[in-house]
Structure formats: structure tokens, C-alpha cells
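Side chains included, hydrogens not; waters and symmetry mates left out as well; all remaining heavy atoms used.
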Amino acid sequence: LAVVEVFADASGSDAGREWIELRVTASEHVDLNGLDIVVSKSETGSMRRAQVTAPECLAVGPGELPVIGSSSDRAANGGVAVTAVVPELSLYDGAELAIDLHWADDVIDVARVPAAAPGASWSVAGPAVEGVANDDVQAFCVAASGGVFDGQGTPGCPNVCGVGCLDSSGCVRELRPAGVGELLLSEVYANPPSDDG
């Protein structure tokens, strides 16, 4: 598992609206049950701990992007589809974060995330080595695309740095702008009868 996107500072109240997206880097299904999440401020070391404790199996498969949030109520959490509810999940605003994933005594992943940008997530985009890339705050980009939920970011969808557009799957994808000569102006209607408006 690797931390690939973090939404730590919602516009307005953060209550129930913060979330962390993971990517399953395993080659088979894994269970999120029992996963410990330790969030600490890089500067001060202040720490908060939360654990996935659902009674039902929370199995996720290779390449999936499960979202862990403190509320599954989409009307209250900004419209995010949450895979695992962890009511005590609470992130810090305005501080660089260290997010560690543990299962028992094993450290699963360590991510270093820049200080929260209000209303936008930070995400790692690119190769399937997020578990290494996310060790460095420079690997994260601030989200600039909306449409998936009430903020900017891509919970449950592949990450996009920069502005994207919603595709038919309901996820944001990168824009594919036309290059020189790839769009041609082919017709113009400049003067309708009577009013042009």
C-alpha cells in the first residue's frame, strides 16, 4: 500500500471531510482491516493515530485506489466515496505532514506531504513506485481539477497534476490539447438575417 493523495484542509469546516487515498501495489488482494495510520507534523512531531477497525472484510485489489475517510455520508463529507470509515482520522492544517501506515509492527509505507492547500488535495502522479516517491514532499503536486467531489482532487481516481477534465468514467484525466495544425477552422457564420445576437 502507498499513500498517493491527501486532502487535509477542506474549504470551511474539516469535520468529516478529510481523507487519504492509497494505491494497492500488491499483486493480490489485501485487507485494510487493522491498518494503523499515524499522522504527525514534520516540524513539531505532534502525532495523531487512527485505525481501520471495520468488522466486515475490506478487501482491495491490485491497482485499486481505496479512500480512507472519517465519514461515509456523502452529503456531509463533500461528496467523496469512502472505502473505509475511520471516525478518528484527523489531519493537520498548515503543516508538512508525515503519514505512516503500519500493520502490527510492520511499517507498510511512509509519506511526506506538503502543508495543506485549502480546498485542494496533494497527490503523487506518475509511475507505480509511489511507495518510494512519496517519501519526498517534492513528489506531490497540488490538485487543480474539480468535479469528482466538492473540492479539488481525484479521490478514488487516478491522480492528475494540473488542470484536467471529467471523462465518461466520472474520473478526471489529463487534458490532451491540440498542437499546431491539429485543428482547422472550417466554417464561419458571421451574418444571420436580422439580429446577429
Side-chain angles (χ1 to χ4, degrees), residues 1-24 32-33 35-44 46-54 56 58 60 64-102 109-125 130 134 137 139-166 169-173:
L1 291 174
V3 174
V4 294
E5 190 170 7
V6 177
F7 187 70
D9 187 5
S11 298
S13 171
D14 286 354
R17 300 175 73 194
E18 300 172 324
W19 47 266
I20 296 171
E21 180 188 69
L22 309 177
R23 184 174 183 277
V24 181
L32 297 178
N33 306 69
L35 182 70
D36 285 307
I37 303 163
V38 179
V39 180
S40 54
K41 291 184 179 181
S42 296
E43 267 189 39
T44 65
S46 298
M47 184 188 321
R48 295 174 178 164
R49 182 182 297 267
Q51 186 179 61
V52 180
T53 58
E56 70 278 5
L58 295 173
V60 288
E64 288 186 21
L65 298 164
V67 177
I68 297 175
S70 56
S71 172
S72 62
D73 182 350
R74 295 181 78 162
N77 74 8
V80 178
V82 172
T83 310
V85 177
V86 180
E88 62 274 12
L89 179 68
S90 180
L91 307 175
Y92 294 99
D93 294 349
E96 182 180 301
L97 301 178
I99 299 177
D100 299 0
L101 304 180
H102 300 258
D109 186 37
V110 177
R112 300 291 178 260
V113 185
S121 69
W122 283 101
S123 60
V124 178
E130 294 96 338
N134 69 6
V137 295
F140 286 84
C141 63
V142 67
S145 297
V148 178
F149 73 116
D150 288 350
Q152 291 183 314
T154 59
C157 296
N159 296 335
V160 173
C161 287
V163 177
C165 57
L166 285 175
S169 73
C171 285
V172 173
R173 68 160 172 78

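In this structure the side chain of V3 reaches within 4.5 angstrom of the side chain of I20, judged on heavy atoms. A 4.5 Å side-chain heavy-atom check between C157 and V172 finds every atom pair outside the cut-off. Contact check for Q51 versus L35: no side-chain heavy atoms found under the 4.5 Å cut-off. Residues D36 and L101 form no side-chain contact, since every pair of their non-hydrogen atoms from C-beta on lies 4.5 Å or further apart.
For residues 80-102, the pairs satisfying salt bridge (charged side-chain N to carboxylate O under 4.0 Å, His left out) are D100-R112, with sequence neighbours left out.
Residues G69 and V82 share a closest heavy-atom pair of N-CG1, 3.5 Å. Residues I68 and L89 share a closest heavy-atom pair of O-CD2, 3.5 Å. Considering all non-hydrogen atoms of both residues, A8 and E18 come closest at O-OE2, 2.8 Å. In terms of heavy atoms, G164 sits closest to S145 at N-OG, 2.6 Å. The two residues G16 and S70 make their nearest non-hydrogen contact at CA-OG, 3.1 Å. Nearest approach of N159 to V124, heavy atoms of both residues: ND2-O, 2.7 Å.
Under the side-chain hydrogen bond (donor to acceptor under 3.5 Å, both in side chains) criterion, S90 pairs with R48, not counting sequence neighbours. Residues satisfying the disulfide (SG to SG under 2.5 Å) criterion with C165, sequence neighbours excluded, are absent altogether.
In this structure, the separation between CZ on R23 and CD on E5 is 13.5 Å, given to the nearest 0.5 Å. Residue L32 holds its CG atom at 6.0 Å from CG of L1, rounded to the nearest 0.5 Å. Here CD1 of I99 is found 9.5 Å from OG of S42. Values are rounded to the nearest 0.5 Å. Taken to the nearest 0.5 Å, the CZ atom of R17 stands 7.0 Å off from the OG atom of S11. In this structure, N134 CG and S123 OG are separated by 11.5 Å, a value rounded to the nearest 0.5 Å. Between the CH2 atom of W19 and the OG atom of S71 there is a distance of 14.5 Å, given to the nearest 0.5 Å.
N33 contributes a side-chain N or O that, together with a main-chain N or O of A54, makes up a donor-acceptor pair within less than 3.5 Å. The backbone N or O of G156 sits less than 3.5 Å from a side-chain atom of E21, completing a donor-acceptor pair.
In this structure, the ring of W122 has its center no less than 6.0 angstrom from the ring center of F7.
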